[in-house]
Novice: 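Quick one: the structure is below, questions incoming.
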Amino acid sequence: MKRVLCLAFPFRERVGGPERRGPALPDLRQLASWCEQFSPLVALDEATSSLLLDVTGVAAWFGGESALAERLLEQLEALGHRPAAALADTPGAARALARRREGGAVLIVPSGEAATLTALAELPVETLRLEPKHLAWLTALGIERIEQLAALPRAALAERFGQELLKRFDQVLGRAAETIVPHRPAPTLVVEQTFEFPTDSLELLAAAMSERLAVLVRPVAERRWGVERLEVRLNGAAGVLAQFTLGVYCATARVDYLLELIRLRLERLRLSEPVTGLRLAVSSEAPLGCRQQELFPAGSTRDDRHHLGELIDHLASRLGSDAVVRAKLRADYQPELAWQAQPALSSPAPSASRRVRERTKEATEQPVLRPLRLVRRPRPVEVLSLVPAGPPQVFRLGAKEHRIVRHWGPERIETGWWRGRGVRRDYYCVETQPGGWCWLFRELPGGRWFLHGWYD
Amino acid sequence: MARSNRQPSEVLLADLRARLEALAIRPGSAEPSIVRSGYQPLDALLPGGGFRRGTLVEWLVEQPGAGASTLALGAARECCAAGGALVVVDGTGEFHPPGAVALGLSLEELLLVRTASPEDEHWAIDQALRSPGVAAVVAWPERCGPKAVRRWQLAAERSGSLGLLVRPARVRDEPCWAAVRLAVATVPVVLPAGATASSVGRRLRVEWVRGSGVVVGKTIEWELGHETSAVPRLSVPRASRRA
């Protein structure tokens, strides 16, 4: 579990100073550098005049978390600063708690989601740093404290406020990861090359890239890290010809592998003129994962995931990261919104234990039968019913007439009014005479009929 | 530390020998090579009681909504039960994952690839079938020549994946590189007087079109079991859903 210490500097206070103002931004930057003696990763939050220190695993060197915080505050006081401090599992919780404290004191929240929630319970929802519109909605609903927000059902929150609010809340409680961006930017890894003569040969480009990539990746690999995202830019005489970002599923330091992925992308590029130079930059890197070979693979092994990762990299390189996705069900009754696609590159496969949990959850939820194919836009159909507002008997799609031999329904789906585009539909699953199962609905009000999918 | 009990080590050795034999048959995998289709009447039709890993299966349909995708995804579900991912290559943009969940598939193992052109679709099927991390690939290639299918067959053979292709019925007489080619249709049910729609399940007809071990033209018909098609849950008009 991560442990984060937040130092919240008051905006208008300074011990012994004539101006009685908090540290200005340059001072905060200096303080952030000074704090690096207590933590390898210090972030600066200019908006709240705070510093965030990642103290995971560091406290033991100072005799415990309490001793670390006290020593830090004592030394800061000697420098003329009296920030409020809070130590918690997440940056969000530490920041929220520190902002509500008096200067010169530290609050240490025990590790764990329950303890974090207890500590935050009484705080106003503003401390979660939500979007202004979400804050306005919560205020309108009379939800002022975090404990009130925590008591609301997650599905309803997601439907009314979207995933952003839930994500923010989950980050504060430690259910979702939140990155601390260090105030000292990592050294940028960039290589550039200008060709003596312009070229449009893919082979020459690949050869040049191979050399440059080796230079670029070497310092990363020496630290046992790998490239996660690579920015590629091709220059022409008139300026930038093409540029793209290459992402990989698992960080890699293999030059040939990265080159193979770049080639997949280059093959699809239509360059308007010859290339005069190139630029490669590592925009994201991560520690290399160690992989142990197994003699007898059984079930979903690490080796399987490794191969799948390579497949995702290849597919995403050529088709784009939005084309290779994992599907996630959403708690929304409107069929078009019942699932969302998440790029596979940014959503790693879950662990085996989580897969078992998810499977059990899906099995116990007993999903209703839904069509395997849902047309992108419901297609209008002509329908004949024997009684007004009754079930369909015959429908015509284009020139073809489908006689309905039996039907199930109606299933009323009425939802989405808060989005401003509410739907009210009566769905029927129908079996037709040529031998097909379709999903039709009658739009209400109005009574127009549409084909929405196939039970293929 | 020496084992005092001799029996467990013999059992262990027998297990290791069996795994080595499996590896010798299909390098890289110790999984059994036959995969159940997920539907008992279909298993009874198939030689060996299921589909063979490392092969292609073609499902031919006359029209959408015939039920072939349900059967293909049922086989994919069985194939992925022993591990490995399911890759769905969707060139139509119409694949609806909640429908797959209703068939018992876990979305955690499903990788969806959405392609914009037939070339991309064919390439993605090829790549997925080549990957040893993939247990099954489901796709609906509308137009593809025998060369492409042959390439996929070789890719599946090499990796041990099962390729499940739903294709239009017009390719029925084209050269076949799949191990099995089946024609699938939903048989409209004539309800007896007084019967409700849900008293009879979905009736499927599967005809053996190509493949060894079964007489061409052999046809089976069966009613989809309730465990695979939640028909009874639709039979009761659902309460109005007001969120």
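Residue numbering restarts at 1 for every chain, and letters A, B, ... go by the order of the sequence lines.
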Novice: So, are B:E62 and B:R205 salt-bridged, with charged N and O less than 4.0 Å apart?
Specialist: no

Novice: Do A:W339 and B:F95 have ring centres separated by under 6.0 Å?
Specialist: no

Novice: Taking NZ, NE, NH1 and NH2 as the nitrogens, is one of them in B:R77 or B:E109 under 4.0 Å from a carboxylate oxygen of the other?
Specialist: no

Novice: Side chain, backbone, both or neither: which part of A:L315 has an atom under 4.5 Å from a heavy atom of chain B?
Specialist: both

Novice: Find the one option among A:G453, A:C438, A:P434 whose heavy-atom pairs under 4.5 Å with chain B are most numerous.
Specialist: A:P434

Novice: Answer yes or no: is there an ion pair linking B:E78 with B:R36, defined by an N-O contact shorter than 4.0 Å?
Specialist: no

Novice: Between the side chains of A:W439 and A:Y427, is a donor N or O closer than 3.5 angstrom to an acceptor N or O?
Specialist: no

Novice: Is A:E431 in contact with chain B via its backbone, its side chain, both, or neither, using a 4.5 Å heavy-atom distance?
Specialist: side chain

Novice: Is it the backbone or the side chain of A:I404 that comes under 4.5 Å from a heavy atom of chain B, or both, or neither?
Specialist: neither

Novice: Please flag which part of B:V187 lies under 4.5 Å from any non-hydrogen atom of chain A: side chain, backbone, both or neither.
Specialist: backbone

Novice: With a 4.5 Å cut-off on heavy-atom pairs, point out which of A:R318, A:E310, A:R376 contacts chain B the most.
Specialist: A:R318

Novice: Which atoms of A:D426 are under 4.5 Å from chain B, going by heavy atoms: the side chain, the backbone, both sets, or neither?
Specialist: neither

Novice: Tell me, side chain or backbone of A:L319 under 4.5 Å from chain B's heavy atoms, or both, or neither?
Specialist: side chain

Novice: Given 3.5 Å as the limit, does a donor-acceptor pair link the side chain of B:T70 with the main chain of A:D456, or not?
Specialist: yes

Novice: Taking B:A100, B:S69, B:A66 one by one, which has the highest count of heavy-atom pairs under 4.5 Å against chain A?
Specialist: B:S69

Novice: Who among B:A85, B:A116, B:P97 has the most heavy-atom pairs with chain A under 4.5 Å?
Specialist: B:P97

Novice: In plain terms, say whether A:E336 and A:R425 are close enough for a salt bridge, that is, a side-chain N and a carboxylate O under 4.0 Å apart.
Specialist: yes

